[in-house]
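Here is the structure we will look at, set down as structure tokens.
In what follows, chains carry the letters A, B, and so on, assigned in the order in which the sequence lines appear, proteins first and then strands, with residues in each chain numbered from 1. None of these values were measured; they are calculated from a predicted model.
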Amino acid sequence: MPKILLVDDQEELRLLLQATLEDADYEILEAQSGSEALSIARAELPSLVVMDWMMPGMSGVDVVRALKADPATRAIPVILLTARSQAEDRQAGISAGASAFLSKPFSPLELVRQVESLLASSQIE
Amino acid sequence: MTGTNPFAEPARPPLLRTQLFRVLLAVAAVPVLIVSLMDAQRSYRIREISTAGSTAGRASAIQRRIDDYIDRHTQAVDALARIVPPEHRRNPAVWREAIRTFRENYPGFLTMLVANQNGNVMMAIRPDGALVRSPGAGDVGDREYFRRAMQSPEPFVSGTFRGRGLGTDPLVAVARAYVDTAGKPAGIVEGSLDLQKLRQFAAEYSNRSTAIVIVDGANRVAYSSPSLPFAPLQDLSSTSLVRRQAATPFAEREGTRNYIVAQSAGGSHYGWKVFVFEPASNFGATMLDWLRNLLAGLGAGTLLCLVVARMAALRVTRPLEHLAASGHNLVEAVAEGREPDMRLPQLRAGAAAEIAELHRGLEFMTSRMLASHAQLRRMNDELELRVAQRTDDLNRNNAELQLAMRRKTEAEAELVLFQRAVAAASEGITISDALAPDQPLVYVNPAFETLTGYHAADVLGRNCRFLQGAGADPAAVAEIRGAILERRPCVVELLNMRKDGRTFWNRLSITPIHSADGAVTHFVGVQVDITHHKEIEQLKNDLISTVSHELRTPLTSLYGFAELMLTRDFPQERMRRFLHIIHRESRRLTELVNDFLDLERIAAGRERFHTRPMAIERVVREAAQLFSTGDGDHTLRLQVNQSLPLVSADGERVRQVLDNLLSNARKFSPRGSAIELSATEGVREVVISVRDRGIGIPEEALPKLFTRFFRVDNTATRKIGGTGLGLELSKRLVEGQRGRIWVSSRVGEGSTFSFSLPLAPLESVETVEE
């Protein structure tokens with residue numbers, strides 16, 4: 001059963017992510033901040049991380065960089081949720097190593113599709 | 001004493017003919033003066049004698065007129081006394097009729113009366129013919145004229161006296177007795193004579209300045225001209241005027257004037273005398289005659305002198321003057337370099353020997369001068385020709401020199417203008433030498449010095465890259481380098497560093513300068529400080545991204561939960577949870593939009609504040625009440641001073657601020673803790689404070705606390721909702737009411753937000769908002 005780590009500092013967004021993904025057969029992990037996410041990811045090695053970009057302290061991009069810098073966590077795909085829609089912001093995220101983006105507000109169904117597609121491609125590898 | 005003027009021309013002696021004229025005038029005028037003086041004396045005498053004669057004649061003529069006058073009226077009284085028949089002489093009506101007839105024919109009578117033998121007046125008739133006395137009503141028995149008339153059958157003429165009846169003027173009475181049938185005197189008839197007639201007689205024989213005095217037989221004044229100091233009836237018997245008995249006119253002084261006085265010749269029946277006074281000033285006319293003669297004589301003398309002087313001039317002085325003028329002309333002409341007029345005036349035939357000699361001498365001198373003048377003229381002409389040639393050469397050289405100088409001056413002026421323009425430019429301008437290694441700076445303008453903080457002396461000779469600090473964009477630096485290498489212009493924006501280490505955004509444009517042969521000799525750099533633009537741009541970007549983020553976060557919840565509920569089935573309980581979130585986030589979104597719009601309206605000055613004097617206590621208590629009912633988790637301690645003064649505020653806005661501060665306090669303090677709300681009087685203001693025991697605010701965050709979307713960035717604050725606009729909105733609302741807002745805080749201990757409201761002006765206390 002794939003493990004999915006959900007990271008957001010806002011409770012209701014974590015609730016939304018959880019409610020979106022709970023139907024499928026995933027194990028859901030949650031973190032409230034970047035640093036918490038990093039330690040959980042290292043400990044649990046989730047199959048996928050869904051993470052808010054804008055967080056106090058370590059931002060989503062900071063976490064992505066840290067994950068990519070660690071060989072143990074390098075392969076974990078990350079979906080970044082962002083309120084920023086500008087192309088240069090996406091560029092910064094891609095170059096940091098994020099696998100996909102979702103602009104807020106996003107469609108929960110779209111998130112489900114992305115998660116499934118990313119999990120599928122990582123299983124092929 | 002005035003000093004002599006050194007600049008005055010020396011006095012020229014008068015011309016000869018002028019001198020001659022003066023001597024002649026003296027010689028002619030003196031005899032004229034003597035003759036005319038003698039003539040004046042003679043004519044004065046003649047005038048005096050003739051005047052005296054005529055004056056005496058007039059005096060006698062007047063006296064004859066007076067005698068005549070009295071004679072005629074005496075005869076009239078005589079006739080009247082006899083004309084009434086004796087048997088009617090007691091009948092007043094007859095008398096009255098008779099008197100009226102006589103009065104009409106003899107206008108000299110004033111009053112006429114008839115009296116009986118006792119002197120009782122039977123009747124009297126006034127000058128106007130009115131009957132003034134009835135029979136027996138008066139008495140003239142004591143009058144001299146009555147007594148004298150009764151004693152003699154002849155008419156009696158009195159001297160002058162003052163009558164009793166009419167007026168006060170002197171008069172003369174003429175009386176005659178009338179007889180009864182027995183031939184005895186039975187009474188008198190009397191007529192008083194009007195002496196005003198004397199004035200008329202006098203006027204006939206005198207002019208305006210002549211004065212006349214007439215005295216009766218007793219030397220009493222019967223008439224006197226007003227200009228003489230004699231009163232009517234004055235007795236002149238003892239005066240020299242009467243006593244002199246002069247047969248010829250004599251001089252007399254009366255009052256302030258001198259007169260020639262003549263007396264009537266005598267022979268009057270009544271002994272009256274007339275004196276005529278002729279003023280001595282009437283002889284002044286004689287003096288005028290004399291003056292006229294004198295002037296005529298002098299005029300004739302002067303004319304004579306002029307003729308003689310003219311003749312002398314023609315003969316002697318005119319030739320001399322001509323010769324002198326010719327000499328003068330000659331000298332002047334030579335002095336001024338003119339061709340002198342060498343013609344001497346023709347010598348008059350019969351001129352004096354001395355003049356002929358002078359003429360000859362002058363002719364000789366003239367011919368010699370002409371010769372030397374001609375020679376001088378030749379030399380002068382040669383000299384002038386040479387000078388003219390030299391002057392031409394000089395002028396030509398001078399013109400060339402001036403042209404060159406003007407061009408140089410113009411070029412210099414142009415250069416100065418460019419220098420000044422570059423120096424005055426607000427952009428930093430630099431010039432670098434493109435040919436020297438490493439392109440050193442050769443010029444920087446004052447604006448560059450101001451912009452970068454470097455002095456020209458510090459930087460000339462160096463490459464401009466000292467401005468590039470650590471933060472300079474490598475791409476921009478590379479662009480500059482490439483442009484310099486390829487000798488092409490470029491414009492870049494890069495972060496530069498001032499001398500003091502502060503950075504600024506520089507929009508740098510570099511342009512190559514080509515020499516006449518096309519080679520690039522210099523680069524000109526223009527630096528514009530665009531830091532402010534960059535900051536504004538940054539602010540704008542930040543705002544956009546913040547607003548975007550703040551809007552997207554609640555929208556994400558709305559979108560996400562709504563879609564989930566639409567596409568899947570959830571248990572009732574979870575659905576309610578989701579709807580709750582949707583509801584809360586919608587409200588937050590609404591608040592955000594409202595706050596944002598409020599803020600923009602206030603910032604744009606479109607929001608109106610309705611401040612008025614009001615008691616703040618009630619607003620504070622209401623806010624406390626509202627807070628307590630809405631929140632059971634915190635205890636609110638209210639501390640409001642009694643009798644706070646009125647403030648000038650907008651109640652609705654104060655409520656808004658209070659709600660905001662209380663809501664913040666609740667959000668950032670733990671459940672069960674106390675929140676204090678207080679209102680106290682400060683200096684000319686009331687201070688309202690909200691104090692919480694919450695997490696507090698780090699010191700470095702305090703200055704930015706009241707700015708838009710600023711949030712103390714930590715996990716605790718992220719959990720707490722809010723628009724991020726509340727404090728800025730509160731600040732604007734307080735400042736709109738002319739108050740202040742501030743905060744004091746310590747991390748872990750809590751925060752106190754305070755704001756002040758100004759006291760209401762004293763005079764407006766009556767209009768308290770209730």
How about CZ on B:R587, more than 12 heavy atoms from neighbouring residues, nucleotides or ligands closer than 6.0 Å, or not? no
Could you check B:R576 against B:E573 for salt bridge (Lys or Arg N to Asp or Glu O under 4.0 Å), going step by step and ending with a plain yes or no? CA-CA 5 Å; B:R576 283 193 63 82; B:E573 194 186 331; over 6 Å; no
Does the pair B:K731/B:E728 count as a salt bridge with the N-to-O cut at 4.0 Å? no
Using modelled atom types only, decide if a donor and an acceptor are shared between the side chain of B:H533 and the backbone of B:W505 within a distance under 3.5 Å. no
Name the region of B:L555, side chain, backbone, both or neither, that has any atom closer than 4.5 Å to a heavy atom of chain A. both
Contact listing (chain B partner; residues 12-19 of chain A; heavy atom under 4.5 Å): A:E12, A:L13, A:L15, A:L16, A:A19
Test item: A:S59 and A:M54 side chains (from C-beta on) under 4.5 Å apart, heavy atoms: no
Among A:L109, A:L81, A:L111, residue most engaged with chain B (heavy-atom pairs, under 4.5 Å): A:L109
Which atom pairs, one a donor and one an acceptor, fall under 3.5 Å between side chains of residues 468-481 of chain B and the rest of the protein, sequence neighbours left out?
| unit_1 | atom_1 | unit_2 | atom_2 | d |
| --- | --- | --- | --- | --- |
| B:D473 | OD1 | B:A475 | N | 3.2 |
| B:E479 | OE2 | B:R488 | NH1 | 3.3 |

Check: B:F578 ring centre within less than 6.0 Å of B:F570 ring centre: yes
